J.: 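My structure is below; once you've seen it, I'll send some questions.
Lettering follows sequence order; numbering is per chain, from 1. Values in this document were obtained by computation on a predicted structure and should not be read as measured data.
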Protein chains: 2
Amino acid sequence: MTEFNIKDTEYLNKLQDYYADWKNIPSYARLCEVFGIASKSWVKAVLVRLSEADFIERTPDGAWIPTRQFFARPHAESTVQAGMPVAISATQGDFFIIDEMLIETPSKTTLITVKGDSMIDAGIHEGDVAVVEKRMTANIGDIVIAIVDDEFTLKTLDRENGAFILRPANPAYPVIRPQGTLEIFGVLTGLVRKYRK
Amino acid sequence: MTEFNIKDTEYLNKLQDYYADWKNIPSYARLCEVFGIASKSWVKAVLVRLSEADFIERTPDGAWIPTRQFFARPHAESTVQAGMPVAISATQGDFFIIDEMLIETPSKTTLITVKGDSMIDAGIHEGDVAVVEKRMTANIGDIVIAIVDDEFTLKTLDRENGAFILRPANPAYPVIRPQGTLEIFGVLTGLVRKYRK
DNA sequence: AACTATAAAGAACGTTCGTTCTGCTGTCAA
DNA sequence: TTGACAGCAGAACGAACGTTCTTTATAGTT
């Protein structure tokens with residue numbers, strides 16, 4: 001039996017890219033095209049090695065399916081110095097699945113696109129997607145989606161003279177001191193930004 | 001032709017549950033068991049209706065695959081005003097998959113945790129996870145992971161007197177004018193931040 | 001130059017798959 | 001009470017699929 005090698009890594013990358021497009025692992029015949037291999041038997045040998053490396057597995061029906069590791073992205077930690085440049089370790093650290101990191105309770109999580117710039121000093125820009133966990137309680141200092149006078153707003157929760165206030169992270173905007181009830185819609189648990197390609 | 005009905009919703013739920021477990025859509029024969037239907041032809045009729053409702057579709061090979069709607073995470077767009085509060089619409093907008101939004105080419109994508117605060121004015125904080133697409137070319141204005149004198153750094157790519165320079169987004173840090181070669185490791189295509197729970 | 005292991009191709013074959021067509025059963029309106 | 005149709009079952013069939021076995025090409029070693 002042969003081992004998982006560099007070429008198999010290329011095959012894995014091609015399979016991951018195909019899967020990103022089509023969300024399934026196709027027949028051996030189609031994988032011949034995807035991998036650039038002419039024989040089905042060799043495609044199977046590749047898949048067996050990928051499964052031994054725990055990137056794919058089989059259903060009871062014999063269909064190939066991806067494992068968790070298949071979706072994980074390499075994550076280089078403690079590597080990029082945004083202050084002063086620092087050497088990167090070529091070794092790939094642990095793996096990382098974005099959805100899993102950001103969303104712990106899918107049924108309570110909503111994504112909301114941010115409008116305006118009142119939280120810009122907190123690094124939250126217009127167009128960013130806020131990951132919000134719906135719940136009615138929050139702690140002082142949390143960034144919350146609050147319902148003030150039947151309207152929603154994204155602000156930092158704070159307290160002043162025993163009353164809750166909503167503090168923007170932009171000096172151009174005023175602190176909100178709710179007159180009526182202050183209801184919490186949810187708490188900001190994550191943020192996602194996409195840069196133009 | 002018949003329409004999508006309540007029973008089809010049950011079939012859809014069963015299919016979603018199966019897919020969550022096995023990450024593929026199996027053969028008609030297996031779907032007979034999953035749906036509790038005895039005939040393959042009727043299973044096919046169900047799938048055709050699910051595809052007409054845009055929950056699944058077919059690859060050029062004829063394989064059934066899920067659509068974006070199949071995974072359905074609600075995404076409320078244009079709703080939260082970070083400037084002045086604005087009414088939220090209870091309607092759920094389009095659907096949204098974080099991984100898919102941020103990662104177009106899995107094999108070329110790496111995640112890197114940001115250190116330091118030299119890009120803080122661009123809303124990139126220490127501890128944020130940068131989504132980096134590995135490639136050697138970039139455009140002026142892109143935020144890049146550059147290799148300067150064998151070291152990595154995250155900066156905005158700019159040009160000055162015909163030479164490339166790396167501009168931090170923090171006045172406390174100097175502009176980097178590479179003496180040796182300027183090599184691009186990759187381009188910042190996304191950013192992910194997780195707030196403490 | 002011969003040997004060996006590995007990488008890949010190719011052929012053969014039984015099974016399974018998707019498709020299509022026909023048949024059955026219950027329901028509802030005329 | 002008959003017709004019509006929707007919901008579903010079952011059979012038939014050719015094409016595609018996965019598996020296994022055999023063969024060829026390439027590279028490295030002795």
Side-chain angles (χ1 to χ4, degrees), chain A residues 1-67 69-70, chain B residues 1-70 107:
Chain A
M1 183 186 301
T2 53
E3 287 165 25
F4 190 80
N5 55 35
I6 294 174
K7 248 192 168 169
D8 289 335
T9 303
E10 291 173 21
Y11 293 143
L12 174 61
N13 288 339
K14 287 177 178 173
L15 184 59
Q16 285 169 329
D17 291 346
Y18 181 94
Y19 193 95
D21 285 342
W22 297 110
K23 296 203 170 6
N24 81 339
I25 295 176
S27 69
Y28 291 159
R30 170 52 60 107
L31 284 176
C32 286
E33 298 175 25
V34 175
F35 289 162
I37 289 175
S39 77
K40 289 193 291 179
S41 55
W42 191 243
V43 166
K44 186 192 179 183
V46 170
L47 291 194
V48 168
R49 266 174 281 142
L50 289 181
S51 71
E52 280 163 358
D54 201 29
F55 288 107
I56 56 175
E57 59 184 343
R58 305 184 85 146
T59 67
D61 297 336
W64 292 105
I65 55 171
T67 61
Q69 201 186 156
F70 185 89
Chain B
M1 184 189 303
T2 55
E3 286 165 24
F4 190 80
N5 56 34
I6 294 174
K7 250 193 166 169
D8 290 335
T9 304
E10 292 173 21
Y11 292 143
L12 174 62
N13 288 338
K14 287 177 178 175
L15 184 59
Q16 285 168 328
D17 290 345
Y18 182 94
Y19 193 94
D21 285 342
W22 297 111
K23 288 186 173 28
N24 82 339
I25 295 176
S27 68
Y28 291 160
R30 168 53 59 108
L31 283 176
C32 286
E33 297 175 25
V34 175
F35 288 163
I37 289 175
S39 77
K40 289 194 291 181
S41 56
W42 191 243
V43 165
K44 185 191 179 182
V46 170
L47 291 194
V48 167
R49 266 174 282 142
L50 289 181
S51 70
E52 281 163 357
D54 200 30
F55 288 105
I56 56 176
E57 59 184 344
R58 305 185 85 147
T59 67
D61 297 336
W64 292 105
I65 55 171
T67 61
R68 232 160 257 92
Q69 200 185 162
F70 187 88
S107 64

J.: Quick check: closest heavy atoms across B/Pro26 and A/Asp61, and the distance to 0.1 Å?
T.: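 Heavy atoms only, the tightest pair is CB-OD2, 4.1 Å.
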J.: Between A/Phe35 and A/Tyr11, does the ring centroid distance fall short of 6.0 Å?
T.: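 Yes.
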J.: What's the CG-P distance between B/Leu31 and D/dC8, to the nearest Å?
T.: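 B/Leu31 atom CG is separated from D/dC8 atom P by 15 Å.
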J.: Does any donor atom in the side chain of A/Tyr28 or A/Trp42 lie under 3.5 Å from an acceptor atom in the other side chain?
T.: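 There is no such pair between these side chains.
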J.: Could you please spell out the steps behind the side-chain contact (heavy atoms from CB on, under 4.5 Å) verdict for B/Val46 and B/Asp8?
T.: CA-CA 7 Å; B/Val46 170; B/Asp8 290 335; 4.2 Å; yes
J.: Does A/Gln69 reach the main-chain N or O of A/Phe55 with its side chain, forming a donor-acceptor pair under 3.5 Å?
T.: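 Pair absent, no side-chain N/O of A/Gln69 close to backbone of A/Phe55.
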J.: Identify whether the distance between the nearest side-chain nitrogen and carboxylate oxygen of B/Arg30 and B/Glu33 falls below 4.0 Å.
T.: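 Yes, this pair counts.
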J.: Does B/Ile25 form a side-chain contact (heavy atoms from CB on, under 4.5 Å) with B/Leu31? I'd like the steps, not just the answer.
T.: CA-CA 8 Å; B/Ile25 295 176; B/Leu31 283 176; 4.2 Å; yes
J.: Would you tabulate the pairs of protein nitrogen or oxygen atoms and nucleotide nitrogen or oxygen atoms of nucleotides 23-25 of chain C closer than 3.5 angstrom?
T.:
none

J.: Starting from C1' on C/dG26, measure out to CH2 on B/Trp42 and report it in whole angstrom.
T.: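 Rounded to the whole Å, the gap is 13 Å.
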J.: So, A/Ser51 side chain and A/Ile56 main chain: donor-acceptor pair closer than 3.5 Å or not?
T.: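 No; zero donor-acceptor contacts below 3.5 Å.
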J.: Rounding to a whole Å, what distance do you find between A/Arg49:CZ and C/dA8:C1'?
T.: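 That distance rounds to 11 Å.
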J.: Which letters describe nucleotides 14-21 of chain D, given B = protein heavy atom under 4.0 Å from base, S = only from sugar-phosphate, - = neither?
T.: ---SBBBB
J.: Rounding to an integer number of Å, can you tell me how far B/Lys7 NZ sits from D/dA6 C1'?
T.: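 Rounded to whole Å, this separation is 12 Å.
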